[in-house]
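Report on one structure; see the data block that follows.
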Amino acid sequence: GSDKGQNSSGPQTLTWASTGGQFQDNEIEALQKPFTEKTGTKFKNVSPADPAQVRAMVESGRPVWDLANMSWIYAGAYCDKFYEKLDHRDLDRSLFPEGTTGDCFVPTYRFANVFAYNADLYKGEQPDNIKDFFDTKRFPGKRIVFDYPKNGLLESALVADGVDPKDLYPLDVERALRKLDTIKDQLVFAPSYGAVQQMLVDKQAAMVITVTARAIATAESGANLKAVWDFNTTDIGALVIPKGTPRADLAQDAIAFAIEPEQAKAYAALTGTAPARTDVDIESIDYSDVQKSFNAFLPDRGRLAEQDKKWWIENTDKVLERWTEWKIG
Amino acid sequence: MRIPVLGTDRQTRRPASEAAPPAAPPAAGGRIRLDGLGKRFGSGAMAVSGVDLDIAPGEFITLLGPSGSGKTTTLNMIAGFTDPSEGRILLNDQDISPLPPHRRNFGMVFQSYALFPHLTVAQNIAFPLRERRLDRAEITRRVGEVVELTDLRGKENRRPHELSGGQQQRVALARAVVFSPSVLLLDEPLSALDRKLRQSLQREIKRLHDELRLTFVFVTHDQDEAMTLSDRIAVFREGRLDAVGTPDGLYHDPGTRFVAQFLGESNLFEGTAGPDGYRWRDRVWPLGRGAAGTEGRHLVVRPEKLGVIPAADPVPSGHSTAPATVTDVSFYGTYQRVELRYDDESPGCVVRPAQATPSVTAGEAVLAHWRPEDQVFVTP
Amino acid sequence: MRIPVLGTDRQTRRPASEAAPPAAPPAAGGRIRLDGLGKRFGSGAMAVSGVDLDIAPGEFITLLGPSGSGKTTTLNMIAGFTDPSEGRILLNDQDISPLPPHRRNFGMVFQSYALFPHLTVAQNIAFPLRERRLDRAEITRRVGEVVELTDLRGKENRRPHELSGGQQQRVALARAVVFSPSVLLLDEPLSALDRKLRQSLQREIKRLHDELRLTFVFVTHDQDEAMTLSDRIAVFREGRLDAVGTPDGLYHDPGTRFVAQFLGESNLFEGTAGPDGYRWRDRVWPLGRGAAGTEGRHLVVRPEKLGVIPAADPVPSGHSTAPATVTDVSFYGTYQRVELRYDDESPGCVVRPAQATPSVTAGEAVLAHWRPEDQVFVTP
Amino acid sequence: MTTATVTRGSPDTARPVRGAEGRNRTAAALLLLPALIALLLLFVLPMISVAVRSVTEPQAGLGNYIGLFTDGYTLRVLGRTLLVALIVAVAGLLVAYPYAYAMTLAGPVGRALLVTVVLVPFWTSMLARNYAWLVLLQDGGLIQRFSRTVGLGDEPLFGTTAGVALSMTQVLLPFLVLPLYSSMQQIDRRLLDAGQSLGASRLRSFRKIYLPLSMPGVMAGTSLVFVLALGFYVTPALLGSPQNAMIAQIINVRARDRLDFGGAGAMGIFVLVVTLLVMGLAQRIAKGRTLSSVPGVAAPARPAGPGGGGSGPWLRLYTVLVGFLLTAPTLVVIPMSLSAGTTFRFPPEEWSTRWYDNLAHSPAWTESIGNSLQVALVSALAATVLGTAAAMGLQRLGPRSRGVLFGLLLSPLIVPNILVALVIFAAFLRLGLNGTLGGIMLAHTALALPYVVIAVFARLQGMDPRLATAASGLGARPWSVFRRVTLPQALPGVLSGAVLAFVTSLDEVVVALFLQAPGVFTLPVQMFNSVTIQIDPTISAASSVMVILVSVPILLAQLVGARRGKAGTR
Ligand SMILES: Nc1ncnc2c1ncn2[C@@H]1O[C@H](COP(=O)(O)OP(=O)(O)OP(=O)(O)O)[C@@H](O)[C@H]1O
Ligand SMILES: Nc1ncnc2c1ncn2[C@@H]1O[C@H](COP(=O)(O)OP(=O)(O)OP(=O)(O)O)[C@@H](O)[C@H]1O
Ligand SMILES: [Mg+2]
Ligand SMILES: [Mg+2]
């Protein structure tokens, strides 16, 4: 970007890439509209936010996105290469829970990989422990997860296998996979969250580990889904900026704006996620009952482990390779 | 150069399998009866209608007729490729309508050849033999024989599209005769061949017929071919059978004006029969033999039965005469041909020895004359 | 029934567009010269080779030859469908190899018809006219005329597959003549037709030729047709030109043994020429005319030049004789045909008036006799 | 050029400079040129950059390729993928062949119906179709319930190879039926008569004559389906288990999740090479048995008419069953769109038109349908023109150069879409073509080109070459020959190529996802986005609308055509 840092006058337009669907609509409502009101900046929305595309556009010198809601792993692994460093004065790293920031990303919201089950399928005994996820004798039925290793499954396997949540990292991937081997034939790897939702509503799957917002949507669309608050992993969502966009500064303004309490709370109320900044009082958010039932950041939610950003950034590639090999073997 | 005879040495065939038709026709030719046969394509006019024909076993019958008169359609119905719209086809007194073509054991040469484009010449010819499960050596031998017969040596491994038109036609013929079927249906099988080859194949076909007494249904537009080869000729006209008879019989007593004109040449007089004789313009001719039932008929004299003399010359006694003008005289080796125009403007012709006297010349007024016993009457 | 003449009333054509070939051939027939023409398909033997032929403008030349001798291939090279492997083709002294077929303005009847299956009869015939952008009314008129001529009335809206074989051939002919091309290439255009229709179309073709003086290259396997229609005949034999000449010339002086046997029938004696005459077995015959250069040649006598007498009868003075046995005598209206086997086992035949004397019968020992001036010599 | 060796005879008999064959070669080059240029720019050049990356990233060297052999799964997955593709191609052929044959026997109205049924899966968008299969195959789904009632056991098909193969076969069936039909239609049925008259039973005649003559269609259809099946990943991912993973999924993970463009590129190129080798081998084996090109020798092909046999009761039953298989997902999607639930439901528990309301009132949906139709029409048109020309060019070439070019033209289908998408995206970014409908049209043209080439080429192979010759002899210039003789004869092939091109564009999502921009997105992109994070039954409504929107005009056009045809021949 030759004209990086240029401060032009007049209204500008930011291109915002995200997940699409309801979730992105919520972003428009809670984050974009207020920013437009405040600064006159307009937004163009595209979806999905594909990191491969970021790499391709940055390499060809024509980044066409300004902001992307996508996994921080890429912003961590390719910081300053494909992603802009965030140096906005309002993005004070100390505002966020420890270990949730990087040079190229800060959290915009927090969520969990929630372990839940289809309550319609278990009339008698109900699962109440992460170990139950791995006990197909007592609790028969398919377990569905999103087809990606950083979905909380590995951590859950280790905890179920007896590892203390505090000693999870560095992950013993082989041990986790060995544990998973015991239920492998009952695992369903869904190619999209839509498939997860469809199969849960159709009672094809009995248990699931899925992200907060998807669990809520699934429950709302008719699945009798109950969260198990024994052990769950938590994670952050982040807005990142492809390297070289001429509107990088404005994009940083937008990120800073998004994490401000007012926007963060509105966003959390719409999506059921939690605000990222520690100074926002979660109790003051007007969650619905369903949202509350899947929110891991409310009190009494059992053991939680924040997924280790540094470890995942360094190891995702290797884990993915091993995951693929294990999965199809 | 002999067409091999299949079925005479049955021991070379594999034990009877389901490939052999259950109602196997007898080894000699079959008797075919067409009974009120008719065909209408779509909703158009009848392409063939009311054809009654009885073909004796071992008979050589030729279907003759102008282009488009229904010969191919009739043949296709006999073979079972076209469903008759009317009538029946009997083989040895059995209705064969339900019998699929491959059970009929008829050999066929298609007018359009219908060679298999993906097979070589040898494979095309071997096709019916392989279908009959002859053993390899036997197939090779028989194919070799008909290849020889049809003068296709050296072309065995060509595909049909690499052959000349006449060569393709010979493959079609070879393929139809190689398995000595009980009935052979040949649709103009020699039309693309030069005279020498044609004559040699005619001889072979005749020999094949004489030796095996197969039933032959032959379509040709060549009258000489029809005359030489056939036991009987069936003349088609606009989808109907106009006449059936031996070559000689039809030539000398064509019965209808159409046959008279189609088969050979004729001098035709459109007069009226009366009790005193046949009236044509100002003349009255004796009726001769077959005087009964001549009402409304035309009088026909074949060119070689006719004499021609200058109008002033004396008429041979007892001869009938018709005045005419000579339009052309041409000589063909041993004979001469005199073209006439009769006084009623109808054309005629006389064929007589090259040395015949008196000589006449174009433009001359002449009298054509004939003996009443040489005339025949035909329906218009 | 007249073939319409295109190009004589040029005013009906649209203004010259790029449709008109730049090197447009003259309105009358073109002069075609084949110069060492040869064709090899793939890596096989030469299908045609070393053909030199000069065809005058307006000439009617017939390519005659046994099946597979290269007639179609030669025609295809002239039309531009097949690339010669050797030699050149000149039209009015210009090499036309670079000229694509549609620029040559040649009409062609394909041996396999090549009708367009998706077009009706009328559309097939109109095809060349529409390519030449004649106006609608004119096209309708011309198509109507040739439809009439080829007796296809009522079939105008049929598709080719709804026609009989002969009807298809007539459509092919109609389509080739309708636009009066400067050169007409006809590959057996009448082979599927009955004699009457064939003769009427022969007359039309002849008339077309005489009126327009177009150049005709005609392929036929019918010798009579070749004899009647052609100015000259080119005889092919295994891809080579064996002889070129007028019909009469070739008949009476065939030059080669092949032509003698292919064109009409012959009595052929394989003897040796010596200074004292032609020796055949124990006989010595005078050489007659054309005595020079007879070494290594065969002696030929046409059947109608030959007489036949019982072996004991006196020989007409000055005649040469050859002993033979009668194998068959048959009568054809005005003439008779005597089949012979000469003492060297070679077959022969005599054609003479039906009433000729002395009569001979099958099995009889006879003498064939002829005047030395009626004999010709041919190369083996 | 083997003939140019000797010029015997007199020295003045110079070889012709440019005769029929020379013209042929020039024409071939000219006809192929546009397609080749399009392919060069849109596919070959970008693929070269992929190839370069595959040996330079992350380190220079053949590491990426060595990795394919040592990582322990790529080879296995590739082998499995080839096997599944083969099974689908063969199973598809067995299902499609009798159906296509029945099409050749049907009357005009019956044929119009059969064609419409074949096309229905095409208009039912890929995602809707896959979810329909999901609903059908799942535990307690319709298929399981059916097999339970008829006593076939109650194993669910979901997550099994059988389920994946079934749904893939259904989706790919039209790619077989269309080329098969267009080349079967040319077979002169009198040859079957001839076979029977020579003693072959109906069945033997069929096997020994009809089957070999239909080989161009068989080859075209199976190679298309084989290649397409190789690239599948949504279906196996959604309906299969990890054991059904296909190579495209692996490559997808490599490129998308790991951003390992070099490694993904190596995989893509490896797949390309292996596939071309396999196909070349198959072609070689097939050539020994059948002819690739069978010039007719008979007079005009007589189409089956009354008396031409007609279809027997078994064939009719089979045709109905196949027709049912073809339309099954659509028969599920349409009721699904009328469900009140927020996920896909079949049969719906409650009915409502809310998804149609949603569709009608959401500009994103209506806009995307409009865009899709626009893009599909333009790119199908462009691909049809270029592809038809290229097929005609191919036909004029010798067998060897034909084989090479054929491989080249097929390549865009073999290389996994994600790689094509990445390279096209990068190239279009530089050219400023991304985010424009024009860009998507251009890319889709390149992707659709091979379908047209294959479909048209198969048809041309069965055509009598003498007809074009005759036309040119009658004075028709090359363009005229094409317009008045070649095109009408090749029309069924051209039309099926056009349909395949149209649907390729209509259903293509990966490239369109990359090239989209606000306001510039196609229906599949909109659909994809609406099911990645959460189900939106609007896609079933959109899909149903599409089925009606496209099927009805096509059916009507055919019926009118049939009536006109009948009136014309009378
Ligand atoms: N495409 C081809 N490939 C190989 N050989 C061919 C091809 N076309 C013709 N021939 C051969 O070339 C020779 C000449 O064929 P051509 O068609 O010119 O014969 P023709 O004189 O027209 O014969 P006919 O009277 O039977 O039509 C034949 O022996 C034929 O087999
Ligand atoms: N499929 C068809 N549809 C409509 N009419 C047809 C069809 N086939 C043949 N005909 C017509 O039926 C009549 C008889 O045709 P057929 O082929 O039997 O004639 P043919 O006697 O064999 O003539 P040719 O000597 O020309 O081969 C012709 O007028 C022809 O046009
Ligand atoms: Mg016929
Ligand atoms: Mg020929």
Report task. Any chance you could lay out the side-chain contact (heavy atoms from CB on, under 4.5 Å) test for A:K142 and D:F158, step after step, and finish with the verdict? Result -> CA-CA 12 Å; A:K142 300 267 189 211; D:F158 177 78; 5.6 Å; no
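- Comparing A:S192, A:G20, A:A52 by how many heavy-atom pairs each has under 4.5 Å with chain D, the most go to A:A52.
- Taking chain D as the reference chain and counting heavy-atom pairs below 4.5 Å, the highest number among A:K44, A:K203, A:R55, A:E220 is found for A:R55.
- Looking at D:Q516, only its side chain comes within 4.5 Å of chain A, counting heavy atoms on both sides.
- Ranked by heavy-atom pairs shorter than 4.5 Å toward chain A, the options D:V253, D:L238, D:T342, D:L259 are led by D:L259.
- Of all heavy-atom pairs between A:Y74 and D:D257, the closest is OH-O, 2.6 Å.
- Residues of residues 313-326 of chain A placed with any heavy atom under 4.5 Å of a heavy atom in chain D are listed by number as A:D317, A:L320, A:E321, A:T324, A:E325.
- Your options are A:A195, A:A223, A:A217, A:A213, and the one with the most heavy-atom pairs under 4.5 Å with chain D is A:A195.
- Nearest heavy atoms, D:P242 versus A:F189: CG-CD1, 3.1 Å.
- For NZ of A:K184, the number of neighbouring non-hydrogen atoms (other residues, nucleotides, ligands) closer than 6.0 Å is greater than 12.
- A donor-acceptor pair under 3.5 Å is absent between the side-chain atoms of A:Q198 and the main chain of D:T343, judged by distance alone.
- When each of A:Q53, A:Q197, A:K327, A:Q22 is scored by its heavy-atom pairs under 4.5 Å with chain D, the top score falls to A:Q53.
- Using a 4.5 Å cut-off between heavy atoms, D:A255 contacts chain A through its backbone alone, with no side-chain atom that close.
- When heavy atoms are compared at a cutoff of 4.5 Å, A:F146 does not approach chain D at all.
- Most heavy-atom pairs under 4.5 Å with chain A: of the set D:V77, D:D71, D:D260, this distinction falls to D:D71.
- Taking CD from D:Q249 and CD1 from A:I328, the interatomic distance works out to 9.0 Å, rounded to the nearest 0.5 Å.
- For D:D139, the parts sitting under 4.5 Å from any heavy atom of chain A are the backbone and the side chain alike.
- Every ring-ring contact (aromatic ring centres under 6.0 Å, His included) that D:F344 has, sequence neighbours left out, goes to D:Y131.
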Which donor-acceptor pairs under 3.5 Å do the side chains of residues 525-534 of chain D make with protein atoms, sequence neighbours left out?
from, atom 1, to, atom 2, distance (Å)
D:N529, OD1, A:S47, OG, 3.2
D:N529, ND2, A:S47, O, 2.9
D:N529, ND2, A:S47, OG, 2.8
D:N529, ND2, D:V525, O, 3.4
D:S530, OG, D:Q526, O, 2.9
D:S530, OG, D:M527, O, 2.9
D:T532, OG1, D:F528, O, 3.3
D:T532, OG1, D:N529, O, 3.3
D:Q534, OE1, A:R214, NH1, 3.2

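- For D:V234, no part lies under 4.5 angstrom from a heavy atom of chain A.
- Dense packing is recorded around CD of A:E174, with more than 12 heavy atoms of other residues, nucleotides or ligands lying under 6.0 Å away.
- For chain D, the nearby parts of A:A56 are the backbone and the side chain; heavy atoms of each come within less than 4.5 Å.
- Within the 4.5 angstrom heavy-atom criterion, no atom of A:V54 approaches chain D.
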Per-pair distances, 0.1 Å, donor-acceptor, side chain in residues 417-435 of chain D, under 3.5 Å, sequence neighbours excluded:
none

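- The residue among A:T19, A:T15, A:D50 with the most heavy atom pairs within less than 4.5 Å of chain D is A:D50.
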